[in-house]
Amino acid sequence: MRIFVSNFLMALCALGLNGCATSKSVVATGADVSKYEYVVLGTASEGDATLDDLVMQVDNEISKTRLTIVSPAEGASLIKQGKYVLSPQTNIKSEKWDGGHTYITITFYDYDTGQRVIVLKSSGIGLTVAQDQGIALKSIRKKLLEVF
């Protein structure tokens with residue numbers, strides 16, 4: 001019994017020091033993500049307004065991908081030229097207690113048709129709310145770079 005408790009406490013400490021992250025992506029059937037070169041940011045977000053700083057950090061992570069950020073007017077002009085433009089909707093939920101979870105979901109829509117193209121999700125759990133958010137952001141960063 002003593003060995004079990006000791007191993008359990010070591011595992012718990014390891015979780016607290018490193019935290020835990022998950023992520024996944026789902027692409028719409030028949031969608032070719034590679035044809036999208038542009039993104040219009042800031043068009044939609046959901047969730048707790050106190051998390052707008054985290055939404056901005058997600059936008060900053062999107063800007064580090066191969067996608068070029070354009071204004072809504074530029075997006076419309078690019079579509080007329082036959083280019084493909086995405087528009088993300090970011091949803092963030094963060095449990096407001098230590099040891100809670102932070103969930104980040106980014107749904108990318110085709111800016112012209114409004115059809116969902118790809119959904120990216122991540123979550124993080126650590127010992128503090130700030131650590132939860134940092135872990136979830138790091139996880140979504142990896143997924144964004146993997147997809148784009």
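All heavy atoms count here, side chains included; hydrogens, waters and symmetry mates do not. Nothing fancy with the numbering, it's 1 onward along the sequence.
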Does T105 offer a backbone N or O that forms a donor-acceptor pair with the side chain of N91 under 3.5 Å?
-> no
OH (Y111) and OG (S87) are apart, to the nearest 0.5 Å, by 6.5 Å
Does the side chain of Y103 come within less than 4.5 Å of E95's, by heavy atoms?
-> yes
Here the gap from L137 atom CG to D132 atom CG, rounded to the nearest 0.5 Å, amounts to 12.5 Å
I135 versus G124, closest heavy-atom pair with distance = CG2-CA, 3.7 Å
Are more than 12 heavy atoms from other residues, nucleotides or ligands located less than 6.0 Å from atom NZ of K35?
-> yes
Hphob cluster co-occupancy, L144 + Y109, side-chain heavy atoms under 4.5 angstrom = no
Okay, side chain of D110, backbone of T113: is any donor-acceptor separation there less than 3.5 Å?
-> yes
Sorted by chain and residue number, the side-chain contact (heavy atoms from CB on, under 4.5 Å) partners of S94 (sequence neighbours excluded) come out as L51, K96, T102, V129, Q133
Roughly how far, to the nearest 0.5 Å, is NZ of K93 from OG of S123?
-> 14.5 Å
Should I79 and Y38 be counted in the same cluster of Ile, Leu, Val, Met, Phe, Trp and Tyr side chains packed under 4.5 Å apart?
-> yes
Could you tell me the separation between the OG1 atom of T90 and the CE atom of M56, rounded to the nearest 0.5 Å?
-> 11.0 Å
Are V119 and I62 connected in the hydrophobic side-chain network, where two residues link if heavy atoms are under 4.5 Å apart?
-> no
From S122 OG over to I106 CD1, what is the distance, rounded to the nearest 0.5 angstrom?
-> 7.5 Å
With K143, which residues qualify under side-chain contact (heavy atoms from CB on, under 4.5 Å), at least two apart?
-> S23, S25, L120, E146, V147
Out of curiosity, K64 NZ to I69 CD1, how far, rounded to the nearest 0.5 Å?
-> 11.0 Å
So if you build clusters from Ile, Leu, Val, Met, Phe, Trp, Tyr with side-chain heavy-atom gaps below 4.5 Å, do L41 and V55 land together?
-> yes
side-chain contact (heavy atoms from CB on, under 4.5 Å) with V40: which of L86, V70, L67?
-> V70
If two hydrophobic side chains count as joined below 4.5 Å and joins carry through other members, does V33 share a cluster with V39?
-> yes
Would you sort out whether S71 and E74 count as a side-chain hydrogen bond (donor to acceptor under 3.5 Å, both in side chains), showing the intermediate values?
-> CA-CA 5 Å; S71 70; E74 290 170 315; 3.2 Å; yes
S63 side chain to N60 backbone, donor-acceptor under 3.5 Å | yes
Ring-ring centroid check F108 F148, cutoff 6.0 Å = yes
Decide yes or no on side-chain hydrogen bond (donor to acceptor under 3.5 Å, both in side chains) for D32 and Y84, but give the supporting numbers first.
-> CA-CA 10 Å; D32 180 4; Y84 293 91; over 6 Å; no
